[in-house]
Amino acid sequence: WASDWGKNIYAATAFLGSGNDEPHTFTVRTQYTAPDGSAVDKTWSVVISYAATVDLGALSRYIQGSDAGEDVPRSAIQVLEVVMRSGVSARENVMVIGSSVFFNVPNDRNLHMQLPGGVEAWAGYRQAVKPCQFGLSFNIDLAATAFLTSGPLVQVLASVLGMRDPNQLKEGLNSRAMRAVKDTVKGMRVAYRCPNGTSRNKLIRDVGHQPASQTMFKLDDGRQVSVAQYYSVTYKVNLRFPALPPLNVSSQGGRKVWVPMELCDVAPGQRRRMLNEQQTTGMLQFAGVGPAERGKYLQDVMARKELGGFSEDPAVKAFGIQIETQMSTVDARILNPPLLAYQRPEAITPGTRGSWNLRDVVFPAGSVIESWAFTSLVDPQYLVNDGPTGTNTFLNDLVGMCNKTGLKCPMPAMGPWDPRHSYEQRLAAARDAAKKQFGKECQMVLVLLERKMTSGESPYALLKQAGDSALGLRTQCFAADKAGIGRNARPPKGRLQYCANVAMKINTKMGGVNVKLLDDPTQPKVVPVVGTVPFMVFGADVTHPTSFHPDDPSIAAVTASYDRTLGRYMSRVLRQGHRQEVIGAMQEVVMEMLKEFHRRNNGRKPQALIYYRDGVADSQFPAVLEHEYTAFRKACYALEEGYCPPITFVVVQKRHNTRLFPTEGADRSGNCLPGTVVDSGICHPTQFDFFLNSHAGLQGHNKPAHYHVLVDENGFSADSLQ
């Protein structure tokens with residue numbers, strides 16, 4: 001039998017009878033040593049009841065397409081996935097999160113890596129059982145995630161704060177360190193080492209505002225004592241870190257129970273979701289392995305008993321499952337690269353490199369900037385004005401590159417620098433400086449950052465919030481370390497290419513066109529099938545909050561093209577219900593965008609619509625298709641009675657386990673060449689889907705996008721849509 005180690009057991013035969021039988025009760029005795037060293041001897045009553053019989057034959061019928069109206073047999077797939085994971089999940093050194101399995105093996109550098117700040121990376125694998133044209137496929141891919149380092153809490157916090165010696169914590173915490181400690185420990189599970197020698201598992205509810213020597217509470221007799229005094233008098237324990245705040249480990253809603261940090265150990269297996277820049281870099285180095293290394297690792301997972309070893313698993317054998325230990329070999333094609341049109345040169349063929357240099361390129365439509373400004377979030381003592389790494393030198397290079405690539409812009413006005421001002425105030429001051437110098441409203445503010453960090457409280461994130469949400473002001477950031485700016489910066493290498501990349505972003509934000517698709521002489525259409533008529537390309541995605549609080553909203557974003565070049569887009573951002581995947585206001589958004597297209601194209605309406613939808617799981621296809629396709633239709637009817645352009649609805653998935661390993665013709669990083677497409681073998685047995693690797697490999701192993709065509713009223717062939 002196999003179990004999900006929750007409440008379900010699956011067996012290949014009815015060894016406990018059928019639905020007419022009474023539940024079976026078993027007595028189980030457990031004997032083990034508790035964390036405090038005491039012996040535990042307990043007896044349990046376990047009740048097993050028949051729940052259902054799952055028809056695994058439904059998978060065979062589904063793959064063969066013998067029942068055209070049959071839905072995906074998800075119950076049968078769930079059974080097989082549990083069977084494949086059951087044996088591995090029972091191990092003590094394994095943590096299962098969703099469909100992923102992670103190994104806690106600290107002495108194996110391939111499976112474990114210590115990261116900065118009290119965090120460690122564990123490797124494992126993701127798995128999925130998929131029906132495909134080959135039959136049933138067992139998809140696995142390398143998975144890695146971050147966990148809090150287990151051990152004494154004081155040592156972990158010293159690492160979080162970047163201290164080499166935990167004794168530095170004896171001096172207490174400043175306000176910045178206090179915030180970091182609260183963010184780290186709130187909600188953490190710890191083993192509290194009681195002074196009597198026992199150990200209890202606790203959940204940290206909160207952190208005290210004062211040190212343990214100053215955090216007071218009332219005894220039963222009414223006396224007020226500090227946490228440090230209480231442990232000294234009651235337990236004869238003199239705290240080594242009385243300057244650290246105590247932890248509240250009370251039950252929810254109960255009276256506060258304070259315990260000292262130094263008596264707590266971080267429990268193993270606690271996932272760390274939010275990582276700082278250094279930790280993220282470490283995770284990318286750990287998990288971002290190339291195709292050859294990834295392939296070897298996955299072969300080891302399949303074969304090695306201490307990892308996956310599926311062929312030797314008793315549950316797998318009991319179900320009669322046989323697994324091919326080698327990767328599947330499939331046919332692939334490489335699509336012809338698109339022809340790119342610029343003002344100069346007239347055409348570029350990227351070839352199979354997937355990249356091209358912008359230094360000598362003039363954009364097809366350069367924007368005009370008449371009023372803009374520059375401001376810095378870097379302390380002036382670290383900057384110089386002139387010389388190779390000077391701020392003015394970089395601005396001259398950037399403005400020169402902007403004008404060279406087709407934009408028209410003067411040197412920006414210099415905004416004042418005042419460390420007392422908030423980000424919003426600094427942007428407002430730069431905006432006002434531009435208006436004063438140029439006599440026109442500011443169109444954009446250039447912002448110098450020390451480095452680009454995109455976490456929620458990073459300068460970049462806070463600045464974007466101030467510009468986009470508070471002031472409605474365009475901003476373009478660039479990082480001093482990347483641009484070669486600063487007193488101690490290295491001489492800039494590749495600055496012209498860097499400036500060309502920044503110019504491309506500026507031009508897009510200002511409404512210019514960076515590149516056009518050139519008509520192919522053999523097929524004179526920018527886009528196959530619909531290229532001879534006005535058309536729109538839509539894209540949409542929904543971002544969900546990391547928290548599970550019902551008040552935290554999900555954010556939907558929708559974009560749409562409004563000219564034939566596919567170089568200009570409009571966008572809408574929507575707030576909707578917590579973790580709601582279906583875009584509720586889709587009809588209103590599509591209606592607005594159709595009107596905008598109508599306005600910008602001299603009263604013409606699009607005669608074909610292509611909709612790419614990101615982030616939808618297979619199980620959500622019916623709901624998203626029903627609501628969002630209907631929303632498109634209703635928006636068209638609302639615009640004009642009888643208006644019914646054909647729609648192609650494509651879901652694009654990136655969260656899957658499929659990787660492509662080239663057998664020949666790899667690029668320099670060992671990845672498949674850009675334009676590699678697979679539309680047979682591993683694809684859906686009856687539906688229209690394909691995998692496309694559209695980009696060059698820069699680091700690690702590329703993941704192809706999985707395109708699943710739900711509706712195609714435009715009549716694309718496989719080649720034309722790819």
Side-chain angles (χ1 to χ4, degrees), residues 333-367 405-407 500-501 503-540 559-571 593 596-597 600-602 604-614 645-650 652 673-677 690 692-696 704-705 707 709 712 714-722:
R333 295 177 292 117
I334 299 177
L335 303 177
N336 292 327
L339 297 175
L340 307 178
Y342 289 92
Q343 186 175 328
R344 192 179 67 244
E346 293 184 359
I348 289 180
T349 303
T352 56
R353 293 175 302 167
S355 62
W356 56 99
N357 199 309
L358 294 176
R359 281 179 54 181
D360 299 317
V361 159
V362 178
F363 299 137
S367 56
T405 53
L407 287 81
N501 290 337
M504 181 172 62
K505 297 177 182 180
I506 293 172
N507 193 44
T508 297
K509 292 178 181 180
M510 295 302 301
V513 176
N514 290 334
V515 63
K516 293 180 179 180
L517 294 176
L518 189 67
D519 286 340
D520 187 337
T522 63
Q523 185 182 355
K525 301 173 185 177
V526 174
V527 176
V529 179
V530 301
T532 56
V533 299
F535 65 92
M536 286 181 76
V537 178
F538 288 80
T559 63
S561 63
Y562 59 82
D563 69 1
R564 188 171 179 271
T565 68
L566 296 179
R568 291 189 173 102
Y569 288 82
M570 57 189 115
S571 63
M593 290 179 161
E596 182 73 6
F597 184 98
R600 290 178 178 269
N601 288 274
N602 300 318
R604 293 188 300 169
K605 299 185 295 295
Q607 299 304 307
L609 307 179
I610 304 173
Y611 177 40
Y612 291 100
R613 180 64 157 87
D614 192 13
I647 298 172
T648 297
F649 190 143
V650 184
V652 187
L673 294 173
T676 299
V677 63
F690 57 90
L692 173 62
N693 176 59
S694 57
H695 58 291
Y707 295 81
V709 184
D712 182 25
N714 286 294
F716 283 98
S717 66
D719 287 342
S720 60
L721 186 58
Q722 291 160 5

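Throughout, numbering of the chain's residues begins at 1 and tracks the sequence.
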Student: What closest approach, in Å, do Leu517 and Pro338 show between heavy atoms, and which atom pair accounts for it?
Tutor: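 Shortest heavy-atom contact: CD2-CB, 4.0 Å.
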Student: Which value, rounded to the nearest 0.5 Å, describes the distance between Asp719 atom CG and Asn336 atom CG?
Tutor: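 The distance works out to 10.0 Å.
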Student: Are Leu721 and Phe690 side-chain neighbours, meaning at least one heavy-atom pair lies under 4.5 Å?
Tutor: yes
Student: Does atom CZ of Arg333 have more than 12 heavy-atom neighbours, drawn from other residues, nucleotides or ligands, at distances under 6.0 Å?
Tutor: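 Atom CZ in Arg333 is packed in, count exceeds 12.
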Student: Can you give me the closest heavy-atom contact between Gln722 and Leu692, atom names plus distance?
Tutor: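 Closest approach of Gln722 to Leu692: O-CD2, 4.1 Å.
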Student: To the nearest 0.5 Å, tell me how far Asp712 CG sits from Ser720 OG.
Tutor: 7.5 Å
Student: Specify the closest pair of heavy atoms between Phe597 and Pro606, including all atoms of both residues, with the distance to one decimal.
Tutor: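 That would be CD2-CD, 3.4 Å.
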Student: With a 4.5 Å cut-off on side-chain heavy atoms, are Ser561 and Tyr569 touching?
Tutor: yes
Student: Looking at Val709, Val650, Ile610, which hits side chain to side chain contact (heavy atoms under 4.5 Å, CB included) with Phe716?
Tutor: Ile610
Student: Which distance, rounded to the nearest 0.5 Å, do you find between the OG1 of Thr559 and the CZ of Phe538?
Tutor: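 Interatomic distance, Thr559 OG1 to Phe538 CZ, rounded to 0.5 Å: 9.0 Å.
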Student: Are any non-hydrogen side-chain atoms of Val361 and Thr405 less than 4.5 angstrom apart?
Tutor: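 Side chain of Val361 against side chain of Thr405, heavy atoms only: no contact under 4.5 Å found.
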Student: How far does CE of Met536 sit from CE of Met570, to the nearest 0.5 angstrom?
Tutor: 4.0 Å
Student: For the residue pair Phe363 and Tyr342, does the interplanar ring angle fall in the parallel (under 30°), tilted (30 to 60°) or perpendicular (over 60°) class?
Tutor: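 Phe363 and Tyr342: tilted rings.
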Student: Once rounded to the nearest 0.5 Å, what's the spacing between atom CG of Asn601 and atom CZ of Arg564?
Tutor: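 So the CG of Asn601 and the CZ of Arg564 are separated by 12.0 Å.
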Student: Without swapping roles, check the side chain of Asn693 against the backbone of Thr676 for a donor-acceptor pair under 3.5 Å.
Tutor: no
Student: So which heavy atom on Ser367 is nearest to which on Gly512, and how close?
Tutor: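 Shortest heavy-atom contact: CB-N, 4.2 Å.
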Student: Are Pro645 and Gln607 side-chain neighbours, meaning at least one heavy-atom pair lies under 4.5 Å?
Tutor: no
Student: Heavy atoms only: give me the nearest Pro364-Ala341 pair and the separation to one decimal.
Tutor: CG-O, 3.5 Å
Student: Kindly give the heavy-atom pair with the smallest separation between Arg568 and Ala365, and that separation in Å.
Tutor: NH2-CB, 3.7 Å
Student: Calculate, to the nearest 0.5 Å, the distance between atoms NZ and CD belonging to Lys516 and Gln343 respectively.
Tutor: 9.0 Å
